[in-house]
Amino acid sequence: MKVWFNPSKAIESELSAIAAETEGFGADFTPGVRPADPKFGDYQANGVLGFAKKNGVNPRELGQKLIDAAITSGRFDPEMVELSLAGPGFINFKLSPAFIWQWQLDFSTKADYQSGAKALKGGRKIIIDYPSANTAKQAHIGHLRPMVIGQAIARLLDFCGANLVRDNHIGDWGTNFGTLIMKIKRDGIDLSSLGDDALVTLDQLYKDGSALETEQPELRDISRNELVLLQNGDPENTAIWQQIVEISKVAFDKLFAQMGVEVDITLGESFYRDKVDRIYDELSEIGLAEESDGALVVWHDEVKKFARDNERPYPFNIRKSDGASNYASTDLATILYRLEEFDADEVIYLTDARQQDHFQQLFLTTKKWFQAKGYKLPELSHVFWGTILGADKKPFKTKSGESIKLQELLDEARSRAFDVVTEKNPDLSEAERHEIAESVGVGAMKYADLSSNRTQDYVFSWDRLLSFEGNTAPYLLYAVARINSIFRKVGVDPEAPIEGASQLETDTEQALARKLMGFVTALELTLNDLRPHFLCTYLYELTSAYSSFYNADKVMVDDDAVKARRLILCARTRTVLKTGLELLGIKPLERM
RNA sequence: GCACCCGUAGCUCAAUUGGAUAGAGCGCCUGACUACGAAUCAGGAGGUUAGGGGUUCAAGUCCCUUCGGGUGUGCCA
């Protein structure tokens with residue numbers, strides 16, 4: 001029996017082909033195949049309903065006609081799949097136990113699953129812009145989501161065949177450097193002698209500098225002048241700036257290693273400082289940019305809120321009235337660079353939801369600009385997320401007005417997980433308990449952030465981020481650990497082929513096997529609009545099916561054929577869970 | 001003022017983008033360790049999807065409206 005790797009897609013295309021040759025349908029008919037509620041079958045097609053309505057025919061009759069044609073065509077082997085008409089005109093597809101079992105035998109390794117997924121992004125050159133933190137600032141709770149969501153999306157794209165460049169577009173050229181340099185010079189600070197806590201000191205120096213400016217407004221002129229000096233290449237200020245950037249990079253690298261953030265290139269805003277003039281020239285030359293109140297701006301009259309005749313005008317400001325560049329100028333220069341240097345097919349930006357207007361303006365501007373110049377326009381998308389809020393529903397701050405430091409969150413995660421593992425498994429060595437706590441604690445934190453729809457805001461709570469029960473990373477990790485434990489006891493390599501298995505019998509075996517087939521569909525759905533929570537939901541459901549199976553059907557039984565088939569299910573579950581966890585940036589464990 | 005987003009079980013969230021009887025976790029109640037790891041499993045109670053109107057064979061999802069909350073709104077990024 002030849003089974004479909006991706007039944008949902010296979011059914012869709014077979015049915016389309018059959019409909020094209022069947023009277024009453026047409027080329028504009030789409031079957032609309034999707035996974036179904038298990039009580040109806042494995043997949044359902046609901047395209048007949050809308051199509052029948054549009055053409056004024058009875059949907060049940062039309063559905064039956066399609067089923068008959070499908071069976072006559074011979075493309076739907078009755079040994080593999082059973083078709084039936086239901087309700088107002090749904091077509092249900094129920095895969096046979098033989099199909100489901102054969103699927104487990106044919107597709108078994110991570111490489112098999114990956115080869116099925118590779119077509120999804122097949123060789124596309126994708127630049128992903130993340131995590132793009134600012135220099136000279138300690139990472140706080142607000143940096144959690146870019147790092148966690150960004151790495152999961154990057155790993156997904158990579159797994160699904162993208163030719164990926166992770167670009168850390170750091171903010172290293174902002175106006176804050178004026179204040180920072182002013183304060184550093186005023187206090188005579190030697191940046192090279194700050195040691196391990198250099199970033200903490202820089203963070204404090206900036207805060208103190210800002211406070212000082214509030215007290216003594218005349219200092220603002222000094223700061224502004226320091227910035228101008230820096231931008232004009234003054235050697236002393238450039239040297240200070242380089243040290244600040246270097247200190248930040250060292251701190252980033254340390255944090256990235258803890259968070260599992262991978263970066264391919266780091267080209268900050270400063271990299272584009274000599275590339276913005278071309279932007280001003282080109283946008284002016286094609287008549288897109290114009291002067292307004294001394295600044296260079298772009299209007300988008302076709303979008304109401306960006307139109308020039310609004311009561312409160314809202315242009316895309318690409319050069320400040322003092323002649324300096326800003327966020328918009330460097331972003332435009334960056335897109336051009338990504339086209340010319342990397343030949344990008346797609347650019348994905350990751351920021352919080354509050355920047356939606358900026359990206360809408362950026363994309364509109366780029367589209368018109370590239371069209372006028374005849375440049376190839378990459379697909380541009382803005383992947384955004386909601387804010388982490390405090391109990392007052394405002395962006396989260398502690399009582400003293402500070403944000404929680406990301407390092408503090410990581411330490412708390414490890415510490416809580418260490419306590420739990422020590423309680424559950426006191427016999428493990430301390431070193432191993434620390435390793436487990438790392439994966440469980442940090443994994444729980446990441447999973448908590450990934451498992452709900454990223455566009456929603458949520459209220460911060462330690463228990464929310466560091467829960468270890470229910471739909472959490474430890475639940476998934478625990479299932480992997482139990483599978484590993486079985487293979488250790490049986491003395492079999494979970495990666496090795498298992499022979500002599502009999503067909504599936506119990507309901508729990510079959511439910512698990514069906515769930516295993518859904519991995520690629522889950523990846524597709526996740527990739528569709530880059531929402532990792534779809535993958536989380538799938539992995540949770542898979543684990544739940546495994547846990548039911550584990551409790552109902554003993555693996556280590558005397559009957560070798562039964563043992564073999566259950567070991568196969570364990571091995572497949574282990575592979576999918578490990579692969580899925582790695583995609584989410586969570587490290588699977590041998591034991592916990 | 002204008003624009004956009006949100007409101008689902010006591011709490012935290014799903015719902016494959018318009019599909020069949022709205023699902024999970026936590027908490028609560030009842031059971032299962034002399035069975036491969038109980039960080040688990042089996043079961044139960046808990047809903048007028050903020051209110052009202054409309055479109056549709058079909059609405060938590062689309063449209064209108066009221067109420068409640070959030071975000072953005074010219075030189076920060």
Side-chain angles (χ1 to χ4, degrees), chain A residues 8 32 34-37 39-40 44 46 49-50 52-53 59 86-90 92 132 134 171 173-176 269 292-297 303-306 310-322 324 326-328 330-331 351-358 360 386-387 389 393-395 420-421 423-425 440 448 451-453 455-459 461 463-464 467-472 474-475 477-479 481-483 485-490 521-522 524-526 528-529 533-534 536-538 540-541 544 547-552 554-557 566 570 591-592:
Chain A
S8 175
R34 63 185 61 201
D37 188 318
K39 67 191 164 210
F40 299 121
Q44 65 163 261
N46 54 34
L49 279 161
K53 177 70 184 170
F90 297 108
N92 289 329
S132 310
N134 290 332
W173 203 240
T175 42
N176 57 324
E269 288 162 358
S292 172
D293 293 345
L296 192 63
V297 307
V303 178
K304 214 172 149 191
K305 70 183 152 183
F306 304 135
N310 281 341
E311 265 179 66
R312 299 178 65 162
Y314 191 5
F316 193 44
N317 191 338
I318 66 169
R319 187 180 63 201
K320 299 197 275 187
S321 52
D322 64 5
N326 64 6
Y327 189 31
T330 50
D331 268 359
T351 79
D352 74 78
R354 287 173 294 189
Q355 297 189 33
Q356 287 175 85
D357 285 349
H358 169 78
Q360 200 184 342
T387 313
L389 306 170
K393 304 271 180 174
K394 301 278 183 205
V420 174
V421 71
E423 177 203 323
K424 305 268 184 196
N425 264 320
V440 169
S451 61
S452 65
N453 194 337
T455 58
Q456 305 298 327
D457 295 347
Y458 66 81
V459 174
S461 100
D463 290 339
R464 179 201 165 95
S467 162
F468 299 157
E469 281 169 17
N471 185 6
T472 63
Y475 179 75
L477 290 166
Y478 183 61
R482 289 205 294 194
I483 294 171
S485 175
I486 289 175
F487 279 101
R488 279 199 305 274
K489 289 216 159 81
V490 182
T521 308
E524 244 173 81
L525 195 60
T526 305
N528 205 16
D529 31 328
H533 80 282
F534 288 124
C536 292
T537 302
Y538 167 75
Y540 176 68
E541 286 170 358
S544 183
S547 297
S548 298
F549 157 78
Y550 178 90
N551 276 272
K554 196 175 177 195
V555 177
M556 293 165 72
V557 291
R566 291 182 179 166
C570 288
R591 50 169 72 81
M592 65 185 271

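We name chains A, B, ... by the order of the sequence lines, and we start the count at 1 in each one. Keep in mind the model is a prediction, meaning the values are calculated, not measured. Note: hydrogens, waters and symmetry copies are ignored here, and every other heavy atom, side chains too, is used.
- At a threshold of 4.0 angstrom between heavy atoms, the contacts of A/Asn46 include nucleobase atoms, whether or not backbone atoms are also involved.
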Nucleotide N/O of nucleotides 59-65 of chain B paired with protein N/O under 3.5 Å:
none

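- At a threshold of 4.5 Å between non-hydrogen side-chain atoms, the residues A/Thr175 and A/Lys320 count as touching.
- If you take CG of A/Asp37 and P of B/rA24, they are 10 Å apart, rounded to a whole angstrom.
- Atom P of nucleotide B/rU71 and atom CG of A/Asp357 are separated by 14 Å, given to the nearest angstrom.
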Nucleotide-resolved protein contact map, nucleotides 33-41 of chain B, B/S/- at heavy-atom distance under 4.0 Å: --SBBSBSS
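- Here B/rA20 presents its P atom at 7 Å from CZ of A/Phe40, a figure rounded to the nearest Å.
- For A/Arg464, the side chain to side chain contact (heavy atoms under 4.5 Å, CB included) partners two or more places apart in sequence, or in a different chain, are A/Ser452, A/Tyr458, A/Ser461.
- Across all strands, A/Asp331 comes closer than 4.0 Å to no nucleic acid atom at all (heavy-atom distances).
- Residues satisfying the side chain to side chain donor-acceptor pair (under 3.5 Å) test with A/Tyr327, not counting sequence neighbours, are A/Gln355.
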Strictly under 3.5 Å: I want the nitrogen or oxygen pairs between protein and nucleotides 75-77 of chain B, one per line.
from   : atom 1 : to       : atom 2 : distance (Å)
B/rC75 : N1     : A/Asn317 : ND2    : 3.3
B/rC75 : O2     : A/Asn317 : ND2    : 3.4
B/rC75 : O2     : A/Ser321 : N      : 2.7
B/rC75 : N3     : A/Ser321 : OG     : 3.1
B/rC75 : N4     : A/Asp293 : O      : 3.4
B/rA77 : OP2    : A/Tyr327 : N      : 3.3
B/rA77 : O3'    : A/Glu269 : OE1    : 3.1
B/rA77 : O3'    : A/Glu269 : OE2    : 2.2

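- A distance cut-off of 5.5 Å between ring centres, combined with a plane angle under 30°, leaves A/Tyr314 outside any stacking arrangement with the base of B/rG74.
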Pick out the pairs of N or O atoms, protein on one side and nucleotides 2-10 of chain B on the other, that lie under 3.5 Å.
none

